[in-house]
Enquirer: 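Structure provided below as structure tokens; questions to follow.
Labels below follow one simple rule: chain letters A, B, ... track the order of the sequence lines, proteins then strands, and each chain is numbered from 1. As the structure is a prediction and not an experimental result, all values here were calculated from the model.
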Amino acid sequence: MEKRDTLIALVDCNSFYASCEKLFRPDLKNRPVIVLSNNDSCIVAASSEAKKAGLKRGLPLFQQKQLIESCGAAVFSSNYTLYADISRRVIMALGELAPSIETYSIDEAFIEVPFRLGADPHKIASYGREVREKVTRYTGIPVSVGISSTKTLAKAASRLAKKNNKGEMEHLYIIDNENRIPSLKAVAVEDVWGIGMRYSLFLRERGIHTAYAFSLLDPWWVKKKMTLTGYRTLLELNGEKQVNPEDPSSGKKAIISSRQFGRPVTSLEELLEAVSDYATGASEKLYRQSSSAGAVTVVLETDRHREGEKYYSAGRSFLFPSPVSYTPDIIKASCALMKEIYSSGYNYKRAGVILTDIASTDKMQKELFEEINESGERKKLQQAVSEINFRYGRNTLSSLSRGTGTLKWQMRRQRLSPRYTTDINDFPVVSAG
DNA sequence: TCTGGGGTCCTAGGACCC
DNA sequence: TCTGGGGTCCTAGGACCC
């Protein structure tokens with residue numbers, strides 16, 4: 001058996017959100033399907049039929065009304081509860097196929113190709129097919145598989161895999177030493193993982209149009225112009241591993257809760273309601289990962305796309321004397337920050353709460369002179385509220401500062417699909433006989 | 001009318017210290 | 001008149017990802 005380094009496969013769900021919606025709606029099988037961002041404002045996922053019709057990720061909904069109608073696309077608001085559940089099933093299916101998995105995002109995972117396959121291209125290709133077929137069989141979600149020696153090359157391979165839509169190599173692509181150069185010539189520089197819009201414009205201005213041309217640049221020049229990140233990308237394209245696997249035990253370093261409002265908001269009262277709501281959401285996330293936050297930041301901005309109106313954006317942070325996880329503390333600090341950055345006379349479009357300096361609560365230092373009793377009571381209350389909200393739905397119990405009336409600023413989600421898999425009231429009903 | 005939300009990493013530059 | 005330099009820590013902002 002020929003010796004080789006570990007090979008990495010990137011498994012990428014095709015049009016993930018759209019595929020999830022199709023899963024429970026067989027009538028949509030060959031129809032264009034699109035999924036919208038929060039507030040139903042722009043397209044975040046499009047099925048292959050929708051892409052063919054010209055509907056792309058990132059386009060604002062209001063500009064696509066005609067096209068949507070003419071191609072008969074089904075339109076959904078995003079249903080993250082559903083997608084998160086399907087994602088978990090995909091990861092479980094991969095668990096049976098790979099020695100190690102790194103979940104990269106809701107719809108992608110890097111897996112290690114089993115070492116026993118050696119370097120035999122036929123065996124590796126047949127493993128790729130097995131992964132693709134099993135995931136689809138277990139979950140109903142179609143995936144693409146890209147295999148190579150580094151993560152950046154595996155990403156490039158998966159991009160090429162999406163273009164293969166026939167035969168044995170359907171939705172599968174392997175980059176090895178033999179085909180690396182022609183493969184990278186077929187990948188546009190802006191499609192390289194780690195090279196975004198700014199840098200691809202910069203590179204194209206200098207005559208660099210493909211991943212291959214980029215891979216030939218002087219690494220030190222790239223480091224100077226594109227920071228360490230660009231340098232690592234270059235080395236990865238040349239087959240040198242630079243991007244290390246994440247430590248799976250580490251939790252999030254920041255928790256962000258922010259949203260655009262359903263309509264412009266001007267009053268401080270409504271902003272305080274919104275910020276309390278976001279602070280509650282962020283605190284619950286913090287609680288679920290058993291962590292505490294050392295600081296909270298509140299941000300506020302007007303609509304940057306609105307012509308003829310002055311753009312205003314502000315943010316301010318508060319460092320807690322010692323890390324906190326107690327929701328009311330976080331709400332209180334967030335509201336105080338909002339009062340500081342609020343300026344009247346603007347139409348606000350968005351606000352957010354960001355928790356940072358996050359550390360595991362068990363390892364946390366006890367605050368000096370902390371009153372143990374009070375801390376115990378607080379902990380019990382927090383736990384009870386969190387459990388009730390988990391069981392009976394978000395906001396069953398919540399802080400009064402969130403407001404109890406109709407929350408007029410809340411985002412629009414008018415085309416939400418049912419929670420097929422996570423809410424018993426929404427389970428699909430099957431009749432027999 | 002109408003352009004998402006949630007993350008990570010890197011760097012420059014200021015503050016502060018000796 | 002002369003007006004250091006190196007180290008560390010922190011933060012804001014930029015770039016990227018899905």
Enquirer: Output the single nucleotide from B:dG7, B:dG4, C:dT11 whose closest atom is nearest the side chain of A:L319.
Expert: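 It is C:dT11.
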Enquirer: Can you check the A:K252 NZ to C:dC17 C1' distance for me, whole Å?
Expert: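 That distance rounds to 13 Å.
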Enquirer: Would you classify A:L61 as touching base, sugar-phosphate or nothing, given that sugar-phosphate means primed atoms plus P, OP1 and OP2, and contacts are heavy atoms under 4.0 Å?
Expert: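 Nothing: the residue A:L61, judged by heavy atoms under 4.0 Å, touches no strand.
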Enquirer: Is the shortest side-chain N/O distance from A:R306 to OP1 or OP2 of B:dC2 below 4.0 Å?
Expert: yes
Enquirer: Can you tell me how far P of C:dC17 sits from CE of A:M197, to the nearest Å?
Expert: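 Rounded to whole Å, this separation is 11 Å.
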Enquirer: Does A:R57 have a side-chain nitrogen or oxygen under 4.0 Å from the phosphate oxygens OP1 or OP2 of C:dC18?
Expert: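 No, because none of the side-chain N or O atoms of A:R57 sits under 4.0 Å from OP1 or OP2 of C:dC18.
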Enquirer: OP1, OP2 of B:dG6 versus side-chain N and O of A:K285: anything below 4.0 Å?
Expert: no
Enquirer: In whole angstrom, give the distance that lies between atom CG of A:N38 and atom P of B:dG6.
Expert: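 Nearest whole value for this atom pair: 7 Å.
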Enquirer: A:D357 CG to C:dC10 P: how many Å, rounded?
Expert: 9 Å
Enquirer: The side chain of A:P60 lies closest to which of these nucleotides: B:dT3, C:dC16, C:dC18?
Expert: B:dT3
Enquirer: To the nearest 0.5 Å, tell me how far A:L94 CG sits from A:I101 CD1.
Expert: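 Rounded to the nearest 0.5 Å, the CG-CD1 separation comes out at 5.0 Å.
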Enquirer: For A:S258 and B:dG6, is the shortest distance between a side-chain N/O and OP1 or OP2 below 4.0 Å?
Expert: yes
Enquirer: Could you point out which residue of A:S283, A:C335, A:S325 forms a side-chain contact (heavy atoms from CB on, under 4.5 Å) with A:I330?
Expert: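 So the option named by the test is A:S283.
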Enquirer: Looking at B:dC2, I'd like to know if its phosphate oxygens (OP1 or OP2) sit under 4.0 Å from a side-chain N or O belonging to A:K349.
Expert: no
Enquirer: Would you verify whether the NZ or CZ of A:K310 falls within 45 degrees of the ring axis of A:Y346 while also being under 6.0 Å from that six-membered ring's centre?
Expert: no
Enquirer: Applying a 3.5 Å limit to both distances, which nucleotide forms a Watson-Crick or G-U wobble pair with B:dG7?
Expert: C:dC16
Enquirer: Does B:dG5 have OP1 or OP2 under 4.0 Å away from a side-chain N or O of A:R259?
Expert: no
Enquirer: Using a heavy-atom cut-off of 4.0 Å across all strands, would you classify A:M226 as base, sugar-phosphate, or nothing?
Expert: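 Contact class for A:M226: none.
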Enquirer: Within this structure, what is the CG-to-P distance between A:L228 and B:dC9, rounded to whole angstrom?
Expert: 12 Å
Enquirer: Using a cut-off of 4.0 Å on non-hydrogen atoms, how would the nucleic acid contact of A:R350 be classed: base, sugar-phosphate, or nothing?
Expert: sugar-phosphate
Enquirer: Between A:Y17 and A:A254, which has a closest nucleotide on DNA chain B that is more 5'?
Expert: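 Nearest-nucleotide comparison on DNA chain B picks A:Y17.
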Enquirer: Counting only N and O atoms by type, is there a donor-acceptor contact under 3.5 Å from the side chain of A:R415 to the main-chain atoms of A:S77?
Expert: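 A pair under 3.5 Å: no.
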Enquirer: Identify whether any heavy atom of A:I255 sits under 4.0 Å from a base atom; if not, whether one sits that close to sugar-phosphate; answer base, sugar-phosphate or nothing.
Expert: sugar-phosphate
Enquirer: Less than 4.0 angstrom between a side-chain N/O of A:R232 and OP1 or OP2 of B:dC10, yes or no?
Expert: yes
Enquirer: Quickly work out the A:L201 CG to C:dA15 P distance and round it to whole Å.
Expert: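 About 11 Å, once rounded to whole Å.
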Enquirer: Looking for any heavy atom pair under 4.0 Å, which part of the strands does A:V192 touch: base, sugar-phosphate only, or nothing?
Expert: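 The answer is sugar-phosphate, as A:V192 gets under 4.0 Å only of primed atoms, P, OP1 or OP2.
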Enquirer: Just call it for A:Y104: base, sugar-phosphate, or nothing, with non-hydrogen atoms closer than 4.0 Å on any strand.
Expert: sugar-phosphate
Enquirer: A:I195 near the nucleic acid: base, sugar-phosphate alone, or nothing, with a heavy-atom cut-off under 4.0 Å?
Expert: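 Sugar-phosphate, no base atom in range.
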Enquirer: Between B:dT8, B:dT3, B:dG4, which one does the side chain of A:F62 approach most closely?
Expert: B:dT3
Enquirer: When the C1' atoms of B:dC2 and C:dC18 are considered, how many whole Å apart are they?
Expert: 24 Å
Enquirer: Using only atom types and a distance under 3.5 Å, with no angle test, would you say the side chain of A:N238 pairs donor to acceptor with the backbone of A:S215?
Expert: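 Confirmed, A:N238 side chain pairs with A:S215 backbone.
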Enquirer: Anything under 30° is parallel, anything over 60° is perpendicular, the rest tilted; go ahead and classify A:W220 against A:Y231.
Expert: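 The rings of A:W220 and A:Y231 sit tilted, inter-plane angle from 30° to 60°.
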Enquirer: Between A:E301 and A:S313, is any side-chain donor less than 3.5 angstrom from a side-chain acceptor?
Expert: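 No, A:S313 and A:E301 have no side-chain donor paired with an acceptor closer than 3.5 Å.
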Enquirer: Less than 4.0 angstrom between a side-chain N/O of A:K65 and OP1 or OP2 of B:dC2, yes or no?
Expert: no
Enquirer: What is the distance, to the nearest angstrom, from the CZ atom on A:R316 to the P atom on C:dC10?
Expert: 21 Å
Enquirer: Could you state the atom-to-atom distance from CZ of A:F202 to P of C:dC16 in whole Å?
Expert: 11 Å
